[in-house]
Protein chains: 2
Amino acid sequence: MNDVRVLLVDDHPVVRAGLKAMLAGFEGISIAAEAADGQAALKELARLTVLGDGVDVVLMDLQMGAGMDGVAATAEIRKLAVPPPVLILTTYDTDADILAAVEAGASGYMLKDAPPEQIRRAVVAAAAGETVLAPRAAALLMNRITNPGTSLTPREVQLLELLATGLSNRAIARQTFISEATVKTHLVHIYGKLGVDNRTAAIAAATQRRIIRPPGQPG
Amino acid sequence: MNDVRVLLVDDHPVVRAGLKAMLAGFEGISIAAEAADGQAALKELARLTVLGDGVDVVLMDLQMGAGMDGVAATAEIRKLAVPPPVLILTTYDTDADILAAVEAGASGYMLKDAPPEQIRRAVVAAAAGETVLAPRAAALLMNRITNPGTSLTPREVQLLELLATGLSNRAIARQTFISEATVKTHLVHIYGKLGVDNRTAAIAAATQRRIIRPPGQPG
DNA sequence: CGGGGGGTCAATCAAAAGGTTGACTCCGGG
DNA sequence: CCCGGAGTCAACCTTTTGATTGACCCCCCG
């Protein structure tokens, strides 16, 4: 049986080195290539495809300072003729991140602070076409199926994130290319689901429930 | 000349492995020990001191999920009889992070996305007692000196905290036993000092600068 | 003792946010 | 094929928030 060939995508050299060292130490896994951002990842995939060296799984960070971020890169990869599975390996497990990743077509969501053996299993499973989710990610997705009425839709989470950055309704409207009226509608829905009646309380509630990251935390 | 002996402190196994692999690859640097959080770091320092094996520099992450965080750990290390230099190696270069680190007594501030050679130089320099700062960190500190910023009064911080919990002006007034008018006055002052013009932006700004804790986060 | 900063309050106006109702589209599942 | 949820938008009205101005008190510091 051949090794699982991994493409590492992370903007931090330190993290790439860590994953490389860690994964290369396992039987049955080898590093096909590395990339520091989304564009580079797509280039690497193209290059390896031409060479005939397939990639069995892409290990992708969500937060990347410059260039195309993890969500965009995942979406792009999914558009390829034969897209490899994308396993998200990131630092945060907020609803916002998880939903964005799943929407973009990721086939797994793991946290960087997971023990090495767990990461190894996730990589192998993802390469085999399985879906692997961190406990919190799994719980979130389950919950959305069992009670769809009470949980926020991706759109609502998106607006909530913008809300938390301190934008006015008008600013949110401009940024999302919808009308201010629609923003208000969404906010009313959000308030109802969170059980609050103003924007600051919504931010507090959403932060507490880890639906969004605390305001001002980088993404 | 002996190797520079490094204590790694980071809660992510992946990052520790990366730093270990990277630094161990350089001449003149060796890894004395690792720790996953502040408490563990202090224990390692104590243990190594007893053994007579000094630590020349502590390489510390600021963001650590559980246990004592990087700032607190740095402050604790500075209280030791012969504190080793603490070089902060972290992901973000926000004002709040940099200032907190410097105030805690860090002797350097580097970013994880720095190229390996730069990290190597920083480690060696810090071990030699020098101060090493990432460009943005240096710029920020310079700016602080030339431009002594208007800081919030304790009262203003208190109101900001209540604001962040989602209370309305009236509710804040009731809770602090002052009139709604006074609450408004304070908020106007706060907005001016933070450079914002509404409450959600104030929460975002204050959270980012670590003036207040993220909503719903215990002290 | 005089000035200034911090804290308190009021009145007023303008702007933003909140709540309600109703309506239209699109899409997926029974 | 119809229903319902998600998303979009508008009109309308109420409440809250933001901005400005001016005032009073207290206390510390020069």
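Numbers restart at 1 for each chain; the letters A, B, ... are given by sequence-line order, proteins then strands.
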Fill in: End-to-end axis angle, where each axis spans five pairs of the helix from C/dC1-D/dG30 to C/dG30-D/dC1, to 10°
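About 40°, once rounded to a multiple of 10°.
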Qualifying residues under side chain to side chain donor-acceptor pair (under 3.5 Å), relative to [X], sequence neighbours excluded:
{"X": "A/Arg210", "result": "A/Asp93"}
{"X": "B/Thr200", "result": "B/Asn198"}
{"X": "A/Ser168", "result": "none"}
{"X": "B/Gln158", "result": "B/Arg155"}

Does [X] have any side chain to side chain contact (heavy atoms under 4.5 Å, CB included) partners at least two apart in sequence or in another chain, and if so, which?
{"X": "A/Ala122", "answer": "A/Leu87, A/Met110, A/Val132"}
{"X": "B/Ala36", "answer": "B/Arg16"}
{"X": "A/Ala41", "answer": "A/Leu7, A/Val9, A/Ala35"}

Worksheet item: What's the shortest heavy-atom distance between A/Ala164 and A/Ile212, and which atoms?
Response: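 Smallest heavy-atom distance, with atoms named: CB-CD1, 3.7 Å.
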Considering only nitrogen or oxygen atoms on both sides, find all protein atoms under 3.5 Å from nucleotides 27-30 of chain C and state each distance.
none

Discussion item. Generate the contact string for nucleotides 7-21 of chain C. Rules: B means base contact, S means sugar-phosphate contact only, - means no protein heavy atom under 4.0 Å.
Written reply: SBBB-----SBBSB-
Practice prompt. Not counting sequence neighbours, list each pair that qualifies as a salt bridge (Lys or Arg N to Asp or Glu O under 4.0 Å) and has a residue in residues 159-177 of chain A.
Written response: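 Only A/Arg170-A/Glu180 qualify under salt bridge (Lys or Arg N to Asp or Glu O under 4.0 Å).
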Fill in: salt bridge (Lys or Arg N to Asp or Glu O under 4.0 Å) partners of residues 17-28 of chain A, not counting sequence neighbours, each pair once
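Counting only pairs at least two positions apart or across chains, the salt bridge (Lys or Arg N to Asp or Glu O under 4.0 Å) contacts touching residues 17-28 of chain A are A/Lys20-A/Glu34.
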